[in-house]
Structure formats: C-alpha cells, structure tokens
Amino acid sequence: MSPPRSGRAAPCRPRGEILLSRPRGREAEGALAGFGRTHDVGDLGASALGREVVVCGWVEDVRRMGSSMAFLTVRDQTGVVQAVARGEACGALAGLTRQSAVSVAGTVKETRARGGGVEVEAARIDVLGRAAGRLPIDPTGRLESGLDNRLNARALDLRSPRTAAVFRLRHRALAAIRGSLSGAGFTEITTPKIIGSASEGGADLFPLEYFGRGAYLAQSPQLYKEQATMGLGRVYEISSFYRAEKSHTGRHLSEFTSVDVEAAFADHEDVMGTLESVVAAAAAAAAPGGAGAPGGGLPRPPPVPFERIAYSRAVDELASEGEAVEFGDDLADAHLRVLGRRHPGFYFITDWPLALKPFYIREGADDPDLSRSFDLQYGHLELSSGGMRLHDPEALRSRLAAQGLDPAGFGGHLASFSWGMPPHSGWGLGLDRLVTVLAGLDNVREAVLYPRDPDRLTP
RNA sequence: GCCCUUGUAGUAUAGCCCGGUCUAGAAUUCGGCCCUGUCACGGCUGAGACGCGGGUUCAAAUCCCGCCGAGGGCGCCA
C-alpha cells in the first residue's frame, strides 16, 4: 500500500510483503545490537548456518552449566530454539527468570542438542522484559493450569503453544469463512451494536444509557441484515453480540461472535448450502492446527451435504429412545444429547414447528404449522439456526402481533418491507462454538480470547 | 432463578470418607551454593499453603453451618 519509509528497507520489496516483517538474507547480517530482530525463530534452519542473527522471544528454560556456560531455550510465536551462552554472554544471565522477554544476538551453528537442527551461539543476550519469578500459570504446559487461572492470566496463557494454536485455528477458520462467503458474492457489512429498542424478543438484552435515553446492546443483526439484502443482495456480518442470559454452561457466553448471513432471492435450502460450504471451508482450514489443540479437533473435513432430520422425525427418534416429546415441544438439551449420540457430527434439524421460531421465520410451504427453518447441530451442540424469512410486510405485522410483540415498535423496519423487499433467507452461526468443535475443546471459553459470562467481566 | 460438586504453597496436587500419626508429603516454580554440551540437566540447600467467619470436640486440613470463589448440570438461550 504505502511505500517503504525506511531508507534501509530493501528496494523492490515484493508486493504484499509486510514492511515490519523480517528482513531476510544478506541485509540482515551484522545486525547484532539492540532488538533489531533478523529472524523469527521458526525461520532458523540450515540456510542460516554461519549467519549472525538476532532473534527475540521468551525464555522457556535456563540450564546453567557452571558459572560461565548456560543453555537457554527461547520461544517466539513461530517456534523454539536453543541458545548457548558462554563467558560474558552467560554473565548477563544472572537473575534471568523463565518467560522473560529477551533478544539473542549470535551465530547460527549446528547443534548437538537432541533432535538436531541449529542453535544460536550467543554473543549477546539482552533481557528486554523481565518476568516475575513466580507466574500465575505455567505457560509451558508441563503443569496444566486450571481454566480460571488461565483466563485470569490470559495474556500469559497465550504464550502456551496449545492456547496459541487455538487462536491461530480460529484465525484460519475466520479467514476461510470470509473467503467462502466473499467467493459466493456476499458483501461484508457492519451493523449497530447499540440499538434503541428491544426489538426481537427472545433473549434478554443488556440495557445501557445512551445520552439520557434507554438503549441496548444488540443481540443479533437480524433486522439490519434483512434490510441490507434490499440493496446489497447477499450480505454477511461477523461481529460480537450480547445476551444477558445467566447461563452457566460450557457453551454460553454473554458476549459471543456470530457469523450472520442473509441472501435475497434465496430460500432456506439455498442458505443451508451456503452454511455447509462455510463450515466445510472452516473445517478444512482448521485441520492443520487441530492436532495441536486439546482433543485434537476434527479428524478430517466433514462430508457435505450434512444429514437433514426433520423435526417430526427427531421427535419419533426420541420416542423410540424412550424420550417423551410432544409435537410442538422445543427440544431440551437432554433430547439433543440423545440425538447427538445417534447422529455424531454435523446435521440439520429442519421443519420446526412455527410456534417455536421467531416472528420473522416463514411458515412451511405445505403445512402452515411448520416453518422453513433449520438448526445446524454438531452432536448435541447447536451451532447455527436460520431459515427463510417473511418478506410480506402484512404477514410480518400479523406474526408480530401473534407473538405478543407490538408492531408499532417495528415501524421503521416494517416500512422498509414496503420498498420492494425480496424473498430472502439467512442464518446465524456461533463462531465460538464452531471453533470449540473444530479445535476439539470442551468449553467455549477456551475458544474466546477474553470471554464474558455472568461471573466474568475481567480481564 | 434452581441443583450438584469443589476450594491445601506461584502452579498442579497427596492428605479429608474413617478427627490425634500433619511439626501438612512428593513434584514443579522461586532464592542460595556447586557443575563447560545440557535438553523437563543434575547435586546440595533454603523459602513457600489448609479461601473467610462461626460451631462441635480434650483435639479440626479432616465433621457441621454461613459467606465468598471455582467447575458442572437444569432452565433460559445461540
């Protein structure tokens, strides 16, 4: 984008290379002072043999061999390397604690360490940020700290390769989701998180004061994304949303990340296909990191299409398992666990009773008591729900009233439906839950950097 | 909102059921000393804990009650 600012920067930098990333090769040589890093640890290999390099990272171990020789292992986000300090460089290690931030300047040599590879014969080691002697968690994972302590010290926890792997996986999944949707002609939008009225029913909202007026944190972009289809056709949003539910489970958060999709001139089947593509793309992108995460993640990308199970069939299956569910009952978690046992992996539950669905969901094509709707499950975990929407303003108005909501509170929204609203469909996908599944985690808090739940507001 | 489980050094734990053996144990971390090819280095050594408040008892880490924290489940919800 912008031209290189530093006169020292290499000319003809390949397009797309980030300016602050490592200068490689000859231009890096001789940079032995300060923290003029020349390499990420992961880039040290046979090709660097004999080079003078500067690497920066965090001290994982210090092994002192007498007063004038020590080995330390230094980890950065790309890997771990052993440095050997002798003489003066070793003297600089007095008082050095594990997990301190250091720069190591030295020469790359073949190592005699187990496992082979290279090491850095240190000419100089600078302690750039000293770590306290006793840390609230052990980021090396030798002693696995409890989740509460890890979250309280999340910044340090992030130094743990296991934890870092989860967030790299999340990053790859997000990139794949954006790529999938963008490739399918969806435009990414951002809708307000501060809203004026509790317009959707359903979950409780967080109230807040907005210049002397009452307002709320948005629970979903539902109404805005539907409106946006009128001009942009296919839209999606990936944002945080807020639910003031006092849920104490391993799968609920007060602040969660939702992937929301809405498409004009599409029915529920169309967007189910979109959802399958998105989930498959995310799973494929996540796969390389799955092994590094607890539980190992998914064994391989899931086959599509996902199985479709009509709600009525789910009720029958539950009856055959001795679970009494009346047609029209919502499926409780215990029921979903039974279904999840019978259908491990991804599957849809479709054709829900209309009464169980929000006001904007369209009735069934053949049965007005059913709906053109679906939930995407992974085992017993609900990942997504969506469907075809009502696009006729009169139908929407009467459904609002039927659900006990005041159409007057939806004036602006209803008005937009008289400006040529296309038939449209969409879904919302819980990204944190998807990452939980893809990384093989058992608590959604692990998949969120700084999770918010009814009992946790910090850090 | 309801229910269950659980709180021991910085971390992760043993001990609790069945009160006295606990002056609370092992590991790791941290401090000191020794060690020039280690690799979770090793050796010697030191420091460090029963969540808080009541109660029962001759005696409480252990049993009871309350509070606080944590984990899970139900409900709600995605």
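Worth knowing before you read on, the calculation uses all heavy atoms, side chains too, and leaves out hydrogens, waters and symmetry mates.
Picking from B:A78, B:G73, B:U29 the nucleotide with the shortest atom distance to the side chain of A:R337 gives B:G73. Taking the side chain of A:H248 as heavy atoms from C-beta on, and the options B:A47, B:C2, B:A70, the nearest nucleotide is B:C2. Checked against B:G75, B:U29, B:U38, the side chain of A:R98 finds its nearest nucleotide in B:U29. Closest contact between the side chain of A:E121 and the listed nucleotides B:U38, B:G37, B:G48 involves B:G37.
Annotation: A:F167 is not in aromatic contact with A:H171 [ring centroid separation under 6.0 Å not met]. The six-membered or imidazole ring of A:Y242 lies away from that of A:F256, with a centre-to-centre distance of 6.0 Å or more.
Atom CG in A:D453 sits about 13 Å away from atom P in B:G73, given to the nearest Å. Spacing between atom CG of A:D148 and atom P of B:A12 amounts to 9 Å, rounded to whole angstrom units. Remark: P of B:G37 and NZ of A:K109 are 14 Å apart, rounded to the nearest angstrom. Atom CZ of A:F206 and atom P of B:C77 are 15 Å apart (whole Å). With rounding to whole Å, A:E382 atom CD is found 5 Å from B:A78 atom C1'. Separating the CG atom of A:L275 from the C1' atom of B:A78 is a distance of 13 Å, rounded to the nearest angstrom. To the nearest angstrom, P of B:C77 lies 17 Å from NZ of A:K246. Atom CD in A:E237 sits roughly 17 Å away from atom P in B:A78 (whole-Å rounding).
Residues A:D455 and A:H248 bring a donor and an acceptor atom of their side chains to less than 3.5 Å of each other. Using a 3.5 Å distance cut-off with no hydrogens or angles, the side chains of A:E363 and A:S371 do not pair a donor with an acceptor.
Pair check for B:C68 finds B:G7; Watson-Crick or G-U wobble, both atom distances under 3.5 Å. The base-pairing partner of B:U23, taking Watson-Crick or G-U wobble contacts with both distances under 3.5 Å, does not exist among the strands shown. Across the strands present, B:U56 finds no partner; the criterion is a Watson-Crick or G-U wobble pair with both atom distances under 3.5 angstrom. Base pairing of B:C35: no nucleotide in any strand meets the Watson-Crick or G-U wobble criterion (both distances under 3.5 Å).
Taking the P atoms as reference points, B:G48 lies 14 Å from B:A9, given to the whole Å.
Of the side-chain N and O atoms in A:N443, one or more sit less than 4.0 angstrom from OP1 or OP2 of B:G72.
Residue A:S247 is classed as a base contact, given a heavy-atom separation below 4.0 Å to a base.
A donor N or O paired with an acceptor N or O is found under 3.5 Å between the base of B:U38 and the side-chain atoms of A:Q82.
Nearest heavy-atom pair, A:E119 versus A:T111, reported as atom, atom and distance to 0.1 Å: OE1-OG1, 2.6 Å.
Taking a 6.0 Å sphere around OH of A:Y210, one finds it holds 12 or fewer heavy atoms contributed by other residues, nucleotides or ligands.
Toward the 5′ end of RNA chain B lies the nearest nucleotide of A:G95, the other residue of the pair A:G95 and A:D375 mapping further downstream. Taking the nucleotide of RNA chain B with the nearest heavy atom to each of A:L336 and A:G146, the more 5' of the two is matched to A:G146.
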